[in-house]
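Working notes, beginning with the structure itself.
On a predicted model such as this, the values are computed, not experimentally measured, just so you know. Quick note: residue numbers are just sequence positions, from 1.
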Amino acid sequence: MDRRYAAGDVPAVAQKLRTTFRTGKTRPASWRRAQLEKFRTMMWECSDSLCKALHTDLNRSMDEGWLTEVNPVQHHIQMCLDHLDEWMAPEPVMIDPVNIPGYSYLEAEPLGVALVIGAWNYPVQLTLMPIVGAIAAGNAVCVKVPSSAYSSACSRAIAECVHRYLDPEAVCVIEGDRTATQAVLAEKWDTIFFTGGCYVGKMVAEAAAKNLTPVVLELGGKSPCVVDRTADLGVSCRRIVWGGFFNAGQTCVRPDYILVDDAVADDFVAEMVRTVKKFYGDKPQESEFFGRLINRRAADRVNALLEQGAGKVVIGGDRNVDERYCAPTVVDFGTDVVAFEQSGLMAEELFAPILPILRYTGGADQVIDFINAREKPLVLYAFSDNVALQNRLKNETSSGATVFNDTLMHMASHKLPFGGVGNSGMGRYHGKHSFDTFSHQKPVLGKYFALDWLVQRYPPYSSLDVKILKVVQYPRNGWKNEFLISLPKYLIFALALYVMWKPTGILKMVFQTIADFL
């Protein structure tokens, strides 16, 4: 049966997924585990077809396609399988004395029907990774694959694989361009997970707000990369060139511009040139390890940026719009802050194999002020052995993540959450954080009919009732020991039981005296 869904199918797909979720099919651990195991099989058996699609769309080598797109999803699936029972188990919460006898816990409840909108720059990882978390959390999922106007080969490959391996009643894929995106945003969902640019992210947030739908926005921005005089320039340049030019610079967490201490700037720039040549040769256009821009429109945009002629191109600058090619390019603005700030290269996220450099002379203060004058980045990178500088950058700026002495590698840890702040996004995922993102942590309190001891909460209130309630609810006043905090309440609880069972005048007098004392 043909299960290719387009924009016109969205209402029917949404209704089908809602019906499936309401039956409770996706809630049991057995269903989640079975789907994750099929997902794992899919990632092994479809690995070649997905990597070939990545090569078609982005000129990604088969090895890099597997390493950066397929393998991270495989790790994520296995982590969810390993910890699924643990994550699903109710989390006991200590009962407050006023609720004795009783019990309380937190239960991870699936949100319902999740909409996942993938991105074209890492179409496999950024589309499939959130689906893993959504399934592990027990949701039905509608997947809008990246636009067919961008990564068409990957979108088709993802749709075919998902339809072949996963439950068609609970996971559906919508293909198409912006009209399909508009169609899914017109529907009501229980949560929306979007990866992409800030412009479309605002549209997603606006659509979600109409239905008060929770939304995760994984966006981007201009992530700064600071290099101070204590950095190992050889290691730093290898890691910066790799992170900055991987996937032809079309990476949301790439270092987008460099601030280098003027004292080591000449050596740094020379090492950058040597490293680019070492990685990609004298003719990067012929290297199997250098990618291509996603389409002609992107190539035209990058061509226009470089034609402005701002800064000094120290390496690269070559491009071929017809082949969607732009060489790995380093542009040095020296210490000219005004020219750097006014350059088109600093106007917005580059999403291109271009690294503009500004040499700073004003120390940490200049760097921090420059970063804080802009929108909060997705990542702040800093190459330095100066712990004091590291602490200042971490504590005096705000970013989705802070990474010292490397680039991109925080994405390899499933124990670290990934997400932005401010203009770079909201919400987070990876590992347990993905499960939590697609779950509602529902508080549960259970009481018994026996021992309705705190009768003082019911009107009418006597003066003694008020005193008892004040003791029971007395704030801790800085006490940190949980037992000491609760001790007065336990005493009142014990006395109240005696009063209920033996309501003699003497006991009431004792009760009154203790209440006055406490």
Side-chain angles (χ1 to χ4, degrees), residues 219-244 251-269 271-272 330-343 345-350 355-413 415-426 428 430:
L219 307 178
K222 296 190 72 65
S223 295
C225 180
V226 180
V227 182
D228 89 331
R229 64 183 64 192
T230 68
D232 182 314
L233 296 185
V235 175
S236 300
C237 288
R238 286 197 296 273
R239 294 174 179 176
I240 293 170
V241 168
W242 175 73
T251 305
C252 61
V253 291
R254 76 184 287 265
D256 208 70
Y257 64 95
I258 300 172
L259 304 175
V260 58
D261 190 323
D262 188 50
V264 295
D266 286 339
D267 291 338
F268 173 78
V269 171
E271 186 62 32
M272 287 286 286
V330 177
V331 183
D332 185 5
F333 283 80
T335 59
D336 192 340
V337 178
V338 175
F340 187 70
E341 289 182 317
Q342 294 179 351
S343 167
L345 299 179
M346 289 297 293
E348 60 182 359
E349 184 178 6
L350 285 170
L355 283 173
I357 297 175
L358 174 68
R359 306 173 181 221
Y360 68 87
T361 57
D365 289 338
Q366 180 186 358
V367 169
I368 291 169
D369 289 344
F370 189 92
I371 293 170
N372 286 337
R374 284 150 186 81
E375 296 287 358
K376 296 178 181 180
L378 189 53
V379 195
L380 187 155
Y381 296 108
F383 288 81
S384 172
D385 267 343
N386 185 333
V387 176
L389 175 63
Q390 290 182 1
N391 287 333
R392 286 200 64 187
L393 289 170
K394 175 172 64 72
N395 297 330
E396 297 179 33
T397 66
S398 178
S399 56
T402 301
V403 177
F404 296 121
N405 301 327
D406 211 334
T407 63
L408 311 190
M409 291 305 292
H410 62 298
M411 299 288 290
S413 174
K415 294 183 179 180
L416 286 175
F418 171 68
V421 61
N423 244 45
S424 59
M426 61 181 73
R428 57 187 188 173
H430 284 189

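Although no hydrogens or angles enter the test, the distance criterion places a donor-acceptor pair under 3.5 Å between the side chain of Asp336 and the main chain of Ala339.
When side chains are defined from C-beta on, Pro356 counts as touching Leu350, because their heavy atoms get closer than 4.5 Å. The shortest distance between side-chain heavy atoms of Lys222 and Glu375 does not fall below 4.5 Å. Residues Val331 and Phe340 fail the side-chain proximity criterion, which asks for heavy atoms closer than 4.5 Å. Under the 4.5 Å side-chain criterion, counting only non-hydrogen atoms from C-beta, Glu271 is not in contact with Ser236. Side-chain atoms of Val367 and Leu389, non-hydrogen and from C-beta on, never get closer than 4.5 Å to each other. You'll find the side chain of Arg254 stays beyond 4.5 Å of the side chain of Thr407, heavy atoms only.
Ser399 and Thr402 get closest at one heavy-atom pair: OG-OG1, 3.4 Å.
Taking Arg392 as the reference, Asp365, Glu396 meet the salt bridge (charged side-chain N to carboxylate O under 4.0 Å, His left out) condition, with sequence neighbours excluded. When the salt bridge (charged side-chain N to carboxylate O under 4.0 Å, His left out) test is applied to Asp266, the partners found at least two apart in sequence or on another chain are Arg359.
Between Phe418 and His410, the two ring planes are tilted [angle within 30° to 60°].
A side-chain N or O of Asp228 and one of Thr230 form a donor-acceptor pair less than 3.5 Å apart.
Partner Met272 forms a side chain to side chain contact (heavy atoms under 4.5 Å, CB included) with one of Leu233, Val227, Val260, Val330 and no other, that one being Val330.
Ring pair Tyr257/Phe370: centre-to-centre distance below 6.0 Å.
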